[in-house]
Amino acid sequence: MRILLGDYNRLTIVKTVDFGIYLDGGEAGEILLPSRYVPQHYEIGQQLEVFLYLDQEERIVATTEHPLAKVGDFAYLEVAWVNQFGAFLNWGLMKDLFCPFREQKKRMEKGHSYIVHVHLDPDSYRIMASAKIDRYLEAPSNLRLHQEVDLLVWQKTDLGFKVIIDNRYAGLVYDDQVFRPLHTGDRLRGFIDALRPDGKVDVTLQHTGRRLTEDFAEQLLDYLRHNGGICELGDKSDPELIKERFQVSKKTYKRAVSDLYKRRLILITDNGIQLVSED
């Protein structure tokens with residue numbers, strides 16, 4: 001049996017000691033789960049799911065705590081302290097995660113947070129972080145148009161926001177597709193909008209096309225029902241007002257209005273739109 005360092009493992013309890021219990025780590029030998037993490041009720045031979053990492057003496061140790069990231073993950077982590085070798089990031093475990101200076105794009109500062117990739121250093125077999133994100137991103141594969149994906153906001157650019165897709169690929173959300181405040185480290189859902197020949201991926205935060213219109217039409221209908229049946233926004237309204245109110249583009253708003261009008265659910269007036277009485 002091989003264990004996964006920096007990841008979750010299901011290991012069997014083999015014996016009890018005063019300071020915890022030992023788990024069967026196969027080729028790695030017996031692995032300590034310290035007393036503070038031992039469940040109240042357990043039996044020899046029982047399996048536990050634990051996270052494995054290295055303690056201060058570089059020994060493999062188990063915990064039932066859940067870190068903010070595991071090996072292979074990208075995460076937004078805060079610097080707990082810095083010394084002459086690098087920065088140490090708070091990742092939710094007793095021992096902080098080390099990011100050496102060579103893996104920093106710029107010198108990290110205590111109290112600041114950064115997007116990093118968690119990996120096993122091939123030379124020392126230690127779990128480390130790197131802020132040199134590009135080297136750990138994969139060429140896009142297995143993505144399809146309109147697919148719903150997980151996003152981690154990476155950084156702001158002149159065009160919009162770089163994001164990490166499904167913990168594997170780089171993508172871009174253009175500014176005109178952003179209808180809510182975004183910040184580095186935000187996690188949210190999105191949709192693949194374009195797969196470009198050069199390998200770049202465009203992402204949108206909303207459904208596109210007919211699906212978006214249908215979804216927002218229902219949202220607009222609900223708004224009218226809870227706001228006296230009236231919305232003062234119409235064809236000539238400022239797009240920014242529509243964006244601020246509903247987090248959609250003016251184009252999407254007009255399509256939804258047209259959809260509701262065709263369904264005879266609203267009236268279009270000089271002062272905006274009005275809900276048709278549902279009595």
Side-chain angles (χ1 to χ4, degrees), residues 74 76 112-115 133 140 143-166 169-196 198 200-278:
F74 295 92
Y76 188 55
H112 291 220
S113 296
Y114 303 86
I115 297 288
I133 300 303
L143 293 176
R144 62 186 187 278
L145 284 178
H146 313 307
Q147 176 183 344
E148 188 171 4
V149 290
D150 290 313
L151 304 175
L152 173 62
V153 179
W154 177 7
Q155 62 185 29
K156 182 74 175 73
T157 73
D158 292 338
L159 296 176
F161 288 86
K162 283 186 177 182
V163 293
I164 298 172
I165 303 168
D166 284 347
Y169 316 115
L172 180 68
V173 179
Y174 286 94
D175 274 331
D176 63 2
Q177 295 295 320
V178 178
F179 302 107
R180 48 161 284 189
L182 288 185
H183 307 92
T184 298
D186 286 351
R187 292 186 181 273
L188 62 161
R189 300 288 285 173
F191 303 88
I192 303 301
D193 194 42
L195 298 168
R196 299 186 179 276
D198 60 3
K200 295 181 179 179
V201 182
D202 296 344
V203 183
T204 179
L205 302 184
Q206 300 174 314
H207 285 292
T208 56
R210 183 63 191 168
R211 175 69 180 275
L212 173 58
T213 300
E214 291 172 353
D215 287 352
F216 178 63
E218 294 307 310
Q219 179 185 336
L220 181 56
L221 191 60
D222 187 62
Y223 173 89
L224 290 168
R225 287 168 175 160
H226 291 86
N227 289 273
I230 294 174
C231 179
E232 76 282 6
L233 299 175
D235 281 355
K236 298 181 180 180
S237 296
D238 187 334
E240 288 301 315
L241 292 176
I242 294 173
K243 178 178 176 180
E244 182 180 349
R245 178 83 59 87
F246 295 112
Q247 290 77 55
V248 297
S249 67
K250 184 171 182 177
K251 182 178 180 180
T252 298
Y253 181 81
K254 290 173 67 175
R255 283 177 174 173
V257 168
S258 176
D259 181 73
L260 294 177
Y261 179 75
K262 289 176 181 178
R263 292 158 59 189
R264 300 183 179 181
L265 296 174
I266 64 169
L267 298 175
I268 299 175
T269 71
D270 293 339
N271 297 318
I273 60 175
Q274 180 179 328
L275 182 67
V276 172
S277 175
E278 298 179 318

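Residues L220 and I273 form a side-chain contact, since some pair of their non-hydrogen atoms from C-beta on lies under 4.5 Å apart. Using a 4.5 Å heavy-atom threshold, the side chains of L195 and V201 count as touching. Put simply, the side chain of H183 does not reach to within 4.5 Å of the side chain of V153, judged on heavy atoms. Between V276 and L265, every side-chain heavy-atom pair lies at or beyond the 4.5 Å cut-off. At least one side-chain heavy atom of I115 sits less than 4.5 Å from a side-chain heavy atom of Y76. Counting only heavy atoms from C-beta outward, the side chains of I192 and I165 approach each other to under 4.5 Å. The closest side-chain heavy-atom distance from L205 to L182 is below 4.5 Å. Residues T269 and I230 fail the side-chain proximity criterion, which asks for heavy atoms closer than 4.5 Å.
Side chain of Y169 to backbone of L143: no donor-acceptor contact under 3.5 angstrom is found. Within the 3.5 Å criterion, the main-chain N or O of D150 finds a donor-acceptor partner in the side chain of D166. No donor-acceptor pair closer than 3.5 Å links the side chain of K162 to the backbone N or O of A170.
For CZ of R196, the number of neighbouring non-hydrogen atoms (other residues, nucleotides, ligands) closer than 6.0 Å is 12 at most. Within a 6.0 Å radius of CD in E244, no more than 12 heavy atoms belonging to other residues, nucleotides or ligands are found. Shown here is K200, whose NZ atom has no more than 12 heavy atoms of other residues, nucleotides or ligands within 6.0 Å. The number of heavy atoms from other shown groups lying within 6.0 Å of CG (D270) does not exceed 12.
A distance of 6.5 Å separates CD1 in I133 from CH2 in W154, rounded to the nearest 0.5 Å. Distance check, rounded to the nearest 0.5 Å: NZ of K250 to CG of L233 gives 9.5 Å. Note that CG of D238 and CZ of R245 are 12.0 Å apart. Values are rounded to the nearest 0.5 Å. Taken from CZ in F74 to CG in L152, the straight-line distance is 9.0 Å, to the nearest 0.5 Å. The structure places OH of Y114 at 11.5 Å from OG1 of T184, a figure rounded to the nearest 0.5 Å. Rounding to the nearest 0.5 Å gives a distance of 13.0 Å between CG of D193 and CD of Q147.
In this structure, Y223 and F246 have perpendicular ring planes: the angle between them is above 60°, well past the 30° mark.
Of the charged side-chain nitrogens involved, at least one lies within less than 4.0 Å of a carboxylate oxygen, so that D259 and R263 count as a salt-bridged pair. A salt bridge links D175 to K156: at least one charged side-chain nitrogen sits closer than 4.0 Å to a carboxylate oxygen.
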Problem set entry | From CA spacing to verdict: side-chain contact (heavy atoms from CB on, under 4.5 Å), L151, I164 | CA-CA 6 Å; L151 304 175; I164 298 172; over 6 Å; no
